[in-house]
Peer 1: 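Take a look at the following structure, please.
Each ligand, and each atom within it, is numbered from 1 in the order the structure gives.
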Amino acid sequence: MSRSKGPRLSRRQLLGSSAAASLGALASAAAPAASPTAGASEPSAIAFYGRHQAGVATVPQDHLAFATFDLAEGATRHEVAAVLAGWTTDAATLTRGRALPGPAGGQHPPADSGEAVGLGPARLTITLGVGPDFFTGQLGNAAARPALLAQLPAYDGDALDPVRSGGALCIQACADNAQSAFAAVHALAASGLGVLNLRAVQAGYTKNPTPADPRVARDLLGFHRTTNNIGWGDVASLDRYVWVTSPTPEWLRGGTYLVARRIRIALEQWGAVSLDEQEAAVGRFRASGAPLSGHHLHDRVDLTATGSQGELLVPPGAHVRVAGPEGNGGTRILRRGYTFSDGVDPSTGELDAGTFFIAFQKDPKGQFGDMLGRLVAGDALHRYLVHTSSGVYAVPRGLGPGEDWGSLLLGRSG
Ligand code: HEM
């Protein structure tokens, strides 16, 4: 989808630069960085460069700002590549906790919005993805779309908002505070204006009560969110289920696919059912997080365990039974979702809140899509959920210093 809204004038053009290729010049005329203490050695900085993009196998920060973008009508391949090259420099700068450089002097608009000055790196990660709509006649790259990069099919009960769904590109910005995460989206949106126009922005949060175990944060159901997730440091499982290993396209080897679904939870209905029924729907005890077949949080889910009457302890429709690998031919996904709370749904007067579900996998339809199909058909939790957005994005491999997203995806921009 290509939308023409917004002026065809980027922040760089406003600042007197025709393209991101001029960033070097901008940097040399730079105003001083935000804080002299906010350098690469800052402990709260997560490296931007590396084999994989940060923000995938990264222990989740507390806050999310997720933005999607459209190609502006008439935007050329050269312009898009230049913006993406600029985004790379911006992301490398912002994740170090630095302010964006720009020409000094009061006669120019400030290059940096200023809102994150003094907050340091805050474990900010900026992760780029490209959707199916990135591969178009407009950019002359339609034939380069990876075969697995396609929107998911429709599922029963979907109530997808077309504006919140899709997009030619996505940026997942995560940080230890909401202000730094939003500042990253704000900066990239300003820098892309007129070439890559904002489509939708979703804020989210999560709070892990104990840094010792990142899997115990709770969701709006009141249950631990990711007890049985792929471990953040589990290299073998990440290689097996998450990182793309096929040699072509080269830009995707070491990358992954991101699926985003905004899933509203009918909290009023959920809050009105008994604790026993809630636990049967999830397949875990709410207080301890233990599977209904066990006693402790990290006990293995035993789908065959039976009670005194011969009944399955993890009932047939339990979410963990239907979503878990034994119900899915061994398939797993990396879940990295955030809670959202967006006020009140005016049509019902109920809370518009739930999980902004983000999953990373090698095969969006084969892993996530099939799992979702099974959940829609037979998950007891699903009756409390309404999916209100859907997006699939290919997440390029990580960059080395000197590389940039524009050149990687579209060839040389300069
Ligand atoms: C608002 C929506 C959702 C909520 C609140 C939710 C909640 C939960 C909870 C509380 C658990 C137990 C913790 C754990 O075992 O890790 C869980 C597990 C899981 N969920 Fe969800 N979930 C949602 C949607 C989905 C969707 C859409 C999928 C995939 C299509 C999914 C896939 C999984 C998987 C794979 C597990 C781990 C199962 C296992 O290996 O035992 N969930 N979910």
Side-chain angles (χ1 to χ4, degrees), residues 60 152-153 155-158 160 204 206 213-232 234 237 241-242 257-267 269-271 278-294 296-303 314 317-341 351-361 363-392:
L152 295 168
Y155 295 90
D156 278 354
D158 275 357
L160 305 183
T206 186
D213 185 349
R215 293 170 293 177
V216 297
R218 289 182 188 263
D219 58 26
L220 285 181
L221 301 175
F223 285 68
H224 297 297
R225 191 192 286 284
T226 49
T227 316
N228 237 358
N229 209 4
I230 293 172
W232 303 107
D234 181 350
S237 296
Y241 300 108
V242 178
Y257 286 92
L258 184 161
V259 175
R261 306 275 294 189
R262 184 179 183 275
I263 308 177
R264 203 177 141 204
I265 304 177
L267 290 172
Q269 285 87 321
W270 179 252
Q278 291 186 356
E279 292 179 334
V282 173
R284 289 183 173 275
F285 293 108
R286 188 171 96 147
S288 66
L292 298 184
S293 58
H296 304 290
L297 179 62
H298 292 304
D299 284 352
R300 189 179 69 83
V301 182
D302 180 354
L303 296 180
V314 180
H319 184 69
V320 299
R321 174 184 287 278
V322 184
E326 287 172 55
N328 284 293
T331 289
R332 303 184 73 197
I333 56 176
L334 178 66
R335 290 170 288 142
R336 206 173 182 285
Y338 284 81
T339 293
F340 71 85
S341 53
L351 286 165
D352 185 9
T355 298
F356 192 71
F357 195 95
I358 295 177
F360 295 101
Q361 53 275 301
D363 180 349
K365 181 160 181 314
Q367 289 172 258
F368 179 90
D370 285 7
M371 201 179 273
L372 180 56
R374 286 190 170 86
L375 289 171
V376 169
D379 172 21
L381 190 56
H382 189 71
R383 74 177 73 115
Y384 303 97
L385 309 179
V386 181
H387 291 233
T388 57
S389 84
S390 183
V392 179

Peer 1: Taking all non-hydrogen atoms of both residues, which atom of F340 and which atom of F356 are closest, and how far apart?
Peer 2: CD2-N, 3.6 Å

Peer 1: Nearest protein heavy atom to atom 3 (C) of ligand 1, by residue and atom, and its distance?
Peer 2: L385 CD1, 4.2 Å

Peer 1: Going by the order shown, which atoms of ligand 1 are within less than 4.0 Å of some heavy atom of L372?
Peer 2: 30 (C)

Peer 1: What are the atoms of ligand 1, with element, lying closer than 4.0 Å to any heavy atom of T227?
Peer 2: 13 (C), 14 (C), 16 (O)

Peer 1: Of the choices L152, T355, N228, V386, which has the non-hydrogen atom that lies closest to atom 1 (C) of ligand 1?
Peer 2: T355

Peer 1: Apply side chain to side chain donor-acceptor pair (under 3.5 Å) to R225 and T339, showing your working.
Peer 2: CA-CA 10 Å; R225 191 192 286 284; T339 293; 2.6 Å; yes

Peer 1: Has D158 got a side-chain atom pairing as donor or acceptor with L160's backbone, closer than 3.5 angstrom?
Peer 2: no

Peer 1: Would you please name every residue forming a ring-ring contact (aromatic ring centres under 6.0 Å, His included) with F368, sequence neighbours left out?
Peer 2: F357

Peer 1: Could you note down all residue pairs passing side chain to side chain donor-acceptor pair (under 3.5 Å) where residues 321-331 supplies at least one of them, sequence neighbours left out?
Peer 2: N328-R374

Peer 1: What atoms in ligand 1 come closer than 4.0 Å to a heavy atom of F223?
Peer 2: 10 (C)

Peer 1: Output all residues satisfying side-chain hydrogen bond (donor to acceptor under 3.5 Å, both in side chains) with R286, sequence neighbours left out; order by chain, then residue number.
Peer 2: none

Peer 1: Is a side-chain N or O of R215 found less than 3.5 angstrom from the main chain of I230, in a donor-acceptor match?
Peer 2: no

Peer 1: Please indicate how many protein N/O/S atoms are found closer than 2.8 Å to atom 21 (Fe) of ligand 1, with waters neither displayed nor included.
Peer 2: 1

Peer 1: Give the atoms of ligand 1, by number and element, whose distance to some non-hydrogen atom of P325 is under 4.0 Å.
Peer 2: 40 (O)

Peer 1: Per the side chain to side chain contact (heavy atoms under 4.5 Å, CB included) rule, which among N228, D299, L292 passes with R284?
Peer 2: N228

Peer 1: Between R284, H224, R215, flag the one that comes closest to atom 10 (C) of ligand 1 by a heavy atom.
Peer 2: H224

Peer 1: Where do F360 and Q367 land on the side-chain contact (heavy atoms from CB on, under 4.5 Å) test, with the steps shown first?
Peer 2: CA-CA 9 Å; F360 295 101; Q367 289 172 258; over 6 Å; no

Peer 1: Going through the distances and angles, do S389 and R261 end up as a side-chain contact (heavy atoms from CB on, under 4.5 Å)?
Peer 2: CA-CA 5 Å; S389 84; R261 306 275 294 189; 5.5 Å; no

Peer 1: For G324, counting its heavy atoms only, list the atoms of ligand 1 lying under 4.0 Å from any of them.
Peer 2: 38 (C), 39 (C), 40 (O)

Peer 1: Against heavy atoms of D219, which atoms of ligand 1 measure under 4.0 Å?
Peer 2: 5 (C), 7 (C), 10 (C)

Peer 1: One residue to check: L221. Relative to ligand 1, which of side chain, backbone, both or neither has a non-hydrogen atom less than 4.0 Å away?
Peer 2: side chain

Peer 1: Which atoms of ligand 1 are found less than 4.0 Å from any heavy atom of I263?
Peer 2: 1 (C), 2 (C), 27 (C)

Peer 1: Taking V216's backbone N and O only, do any of them form a donor-acceptor pair with H224's side chain (distance below 3.5 Å, no angle check)?
Peer 2: yes

